[in-house]
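Structure, as structure tokens:
Hydrogens, waters and symmetry mates are skipped; everything else that's a heavy atom, side chains included, is used. Order of the sequence lines fixes the chain letters, A, B, ..., with proteins taken first and strands second; residue numbering starts at 1 for each chain.
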There are 2 protein chains.
Amino acid sequence: MSRPSRTDAERNRLRVLNVAHELFAERGDEVQMAEVARAAGVGVGTVYRHFPTRQALVGAVAEQRFAKVLSFLEEECPARPDACGAVEALLTRVGEMHEEGRAVSGVIEASFGGMAPRGEVGEALLAMGARLVERGRSDGTLRADVTVADLYMSVGAVAMLSHNEIGDWRRFVEIALDGLRRPYHA
Amino acid sequence: MSRPSRTDAERNRLRVLNVAHELFAERGDEVQMAEVARAAGVGVGTVYRHFPTRQALVGAVAEQRFAKVLSFLEEECPARPDACGAVEALLTRVGEMHEEGRAVSGVIEASFGGMAPRGEVGEALLAMGARLVERGRSDGTLRADVTVADLYMSVGAVAMLSHNEIGDWRRFVEIALDGLRRPYHA
DNA sequence: CTTTAAACGGAATCGGATTCCGATTCCGCA
DNA sequence: TGCGGAATCGGAATCCGATTCCGTTTAAAG
């Protein structure tokens with residue numbers, strides 16, 4: 001919440017965060033705290049004051065990513081003609097994000113098992129998700145009993161599949177989407 | 001392949017493997033090599049001769065689990081009346097396995113990102129999966145264009161969802177299954 | 001009952017995250 | 001503009017846990 005008043009502190013915090021993101025993207029889990037510090041032009045102590053733990057640093061990087069998803073959900077999704085299309089766009093976006101950024105995803109997955117969003121971004125995501133599901137219920141393009149949790153799980157599944165290299169995740173988007181559209185009935 | 005000739009070696013290898021499994025189940029990623037050694041009643045050196053790396057040990061534990069899935073696939077699945085039912089049983093089984101054993105799954109996920117089976121067990125799984133998909137194609141209970149990769153991805157997704165606590169994975173089994181049954185068509 | 005290659009135990013080593021603390025800066029205030 | 005001191009810095013020192021090393025012990029072939 002309360003940003004520190006000293007401007008250099010905030011500047012350093014950002015520098016560290018960005019550098020960490022880049023390094024993780026390049027070399028994944030093998031980058032060490034001292035490297036991040038060096039590349040950011042600060043001492044290890046500084047890195048640790050801003051991010052008390054390596055996991056905290058990774059968490060911050062992860063949050064940036066969730067923020068991107070959130071803004072997509074807020075800006076692009078409403079533009080889609082129907083809820084189903086919006087969900088498809090969402091899943092695809094998440095997949096693409098993890099596909100490039102694969103290395104970063106790996107780091108996140110290794111630090112936290114899985115990767116559910118936390119904090120206000122998490123709340124906001126949940127809220128937007130609920131809205132999307134609601135929309136689907138009313139415009140009838142999603143099965144009537146979908147829940148945010150269903151959506152959440154689908155997103156998580158796509159995220160996981162798109163950064164591991166098991167099969168064509170775009171294919172899975174189709175499958176999940178078909179499942180979300182409506183229950184099977186002969 | 002070639003089991004060592006000395007019987008004590010083989011006995012120790014098993015002891016270590018089982019103890020590791022138990023400890024991982026109890027306390028997850030925090031158990032350390034020295035503990036495993038102590039609990040197994042051997043020295044650290046012994047643990048390392050059998051499993052040259054912590055990751056290797058975790059990998060061996062993981063393989064045991066894959067072996068269970070394989071035997072399920074070989075024994076229970078053929079008994080199901082149709083391919084779709086078999087897939088449902090498979091997904092459910094995988095989910096249950098990861099739900100109890102949650103801690104173990106966490107350890108595996110932390111050591112390897114994701115968790116694709118390796119070696120002969122992996123091959124065998126792939127083969128059985130292919131057979132199942134084939135069956136689905138011919139009895140018509142799965143959509144005509146499913147692939148082993150689709151099945152693989154679904155299994156992976158359920159595994160991931162059932163050991164993280166994001167939503168009701170059984171629900172997701174339904175969704176994925178609906179997607180695997182047939183493509184959407186208005 | 002030797003012989004000997006293989007297995008054992010566990011102290012020592014190594015690598016990397018985290019802590020500590022004296023030296024340096026910003027910021028508000030006179 | 002100049003000063004006081006709290007917050008920030010940097011990076012050497014510490015801590016912790018995985019991994020290596022090597023002298024000792026042991027199963028099993030002849």
Side-chain angles (χ1 to χ4, degrees), chain A residues 1-21 23-24 26-62 103-104 106-113, chain B residues 1-21 23-24 26-62 103-104 106-113:
Chain A
M1 314 297 139
S2 57
R3 308 276 90 176
S5 58
R6 279 178 67 157
T7 57
D8 58 338
E10 181 61 354
R11 177 168 43 71
N12 280 337
R13 183 193 154 82
L14 274 204
R15 230 206 262 289
V16 169
L17 192 54
N18 292 331
V19 164
H21 196 313
L23 290 183
F24 285 151
E26 277 168 37
R27 306 213 317 290
D29 216 22
E30 80 183 24
V31 326
Q32 27 192 104
M33 296 304 268
E35 269 184 287
V36 174
R38 189 161 359 106
V42 302
V44 243
T46 299
V47 173
Y48 274 91
R49 187 153 341 79
H50 292 299
F51 308 96
T53 237
R54 183 190 154 111
Q55 176 172 277
L57 175 57
V58 174
V61 169
V104 181
V107 177
I108 297 174
E109 183 166 353
S111 288
F112 305 72
Chain B
M1 323 295 136
S2 55
R3 306 278 88 174
S5 59
R6 280 179 65 158
T7 58
D8 57 340
E10 181 61 358
R11 177 169 42 72
N12 280 338
R13 183 193 153 81
L14 274 203
R15 230 206 262 288
V16 169
L17 193 54
N18 293 330
V19 165
H21 197 313
L23 289 184
F24 285 150
E26 277 168 37
R27 304 214 318 290
D29 215 22
E30 80 183 26
V31 326
Q32 31 193 102
M33 297 303 267
E35 270 183 286
V36 174
R38 189 162 357 107
V42 302
V44 244
T46 300
V47 173
Y48 274 90
R49 187 150 346 77
H50 291 299
F51 307 96
T53 236
R54 183 190 154 112
Q55 175 172 277
L57 175 57
V58 174
V61 169
V104 181
V107 178
I108 297 173
E109 183 167 354
S111 289
F112 305 73

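- Separating the CZ atom of B:R11 from the C1' atom of D:dT26 is a distance of 11 Å, rounded to the nearest angstrom.
- No side-chain heavy atom of A:M33 sits under 4.5 Å from any side-chain heavy atom of A:F51.
- One can place CZ of B:R15 at 11 Å from P of C:dC8, the figure rounded to the nearest angstrom.
- The separation between A:R13 atom CZ and D:dC9 atom P is 12 Å, rounded to whole Å.
- Residues A:V61 and A:A20 share a closest heavy-atom pair of CG2-CB, 4.4 Å.
- Between D:dT8 and A:T46, no contact under 4.0 Å exists linking OP1 or OP2 to a side-chain N or O.
- For the atom pair B:R11 CZ and B:R6 CZ, the distance stands at 10.0 Å (nearest 0.5 Å).
- Rounded to whole angstrom, the span from the NE2 atom of A:H50 across to the P atom of C:dT18 amounts to 16 Å.
- Side-chain atoms of A:L17 and A:H21, non-hydrogen and from C-beta on, never get closer than 4.5 Å to each other.
- The side chain to side chain contact (heavy atoms under 4.5 Å, CB included) with B:V42 is formed by just one residue from the set B:V19, B:V36, B:V47; it is B:V47.
- Here A:R49 lies in heavy-atom contact (under 4.0 Å) with a base.
- Within the model, atoms CD of A:E35 and CD of A:E30 stand 7.5 Å from one another, a figure rounded to the nearest 0.5 Å.
- Residue B:T53 has no polar side-chain atom (N or O) positioned under 4.0 Å from OP1 or OP2 of D:dA18.
- To the nearest 0.5 Å, the span separating CZ on B:R38 from CD on B:Q32 amounts to 8.0 Å.
- Distances from the side chain of A:V44 to the nucleotides C:dA17, D:dT19, D:dA12 place D:dA12 closest.
- A heavy atom closer than 4.0 Å to some atom of DNA chain D occurs in A:G41, A:V42, these being the qualifying members of residues 28-42 of chain A.
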Could you list, one pair per line, each protein nitrogen or oxygen that sits under 3.5 Å from a nitrogen or oxygen of nucleotides 27-30 of chain D, together with the distance?
from	atom 1	to	atom 2	distance (Å)
D:dA28	OP1	B:S5	O	3.4
D:dA28	OP1	B:T7	N	3.2

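- In this structure, A:T46 OG1 and A:R15 CZ are separated by 11.0 Å, a value rounded to the nearest 0.5 Å.
- The side chain of B:N12 contributes no N or O atom lying less than 4.0 Å from OP1 or OP2 of C:dA7.
- B:F51 places its CZ atom 15 Å from the P atom of D:dA18, with the value rounded to the nearest Å.
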Just list the side-chain donor-acceptor pairs under 3.5 Å for residues 52-59 of chain B, sequence neighbours left out, or say none.
from	atom 1	to	atom 2	distance (Å)
B:R54	NH1	B:V31	O	2.8
B:R54	NH2	B:D29	O	3.3
B:R54	NH2	B:D29	OD1	2.6

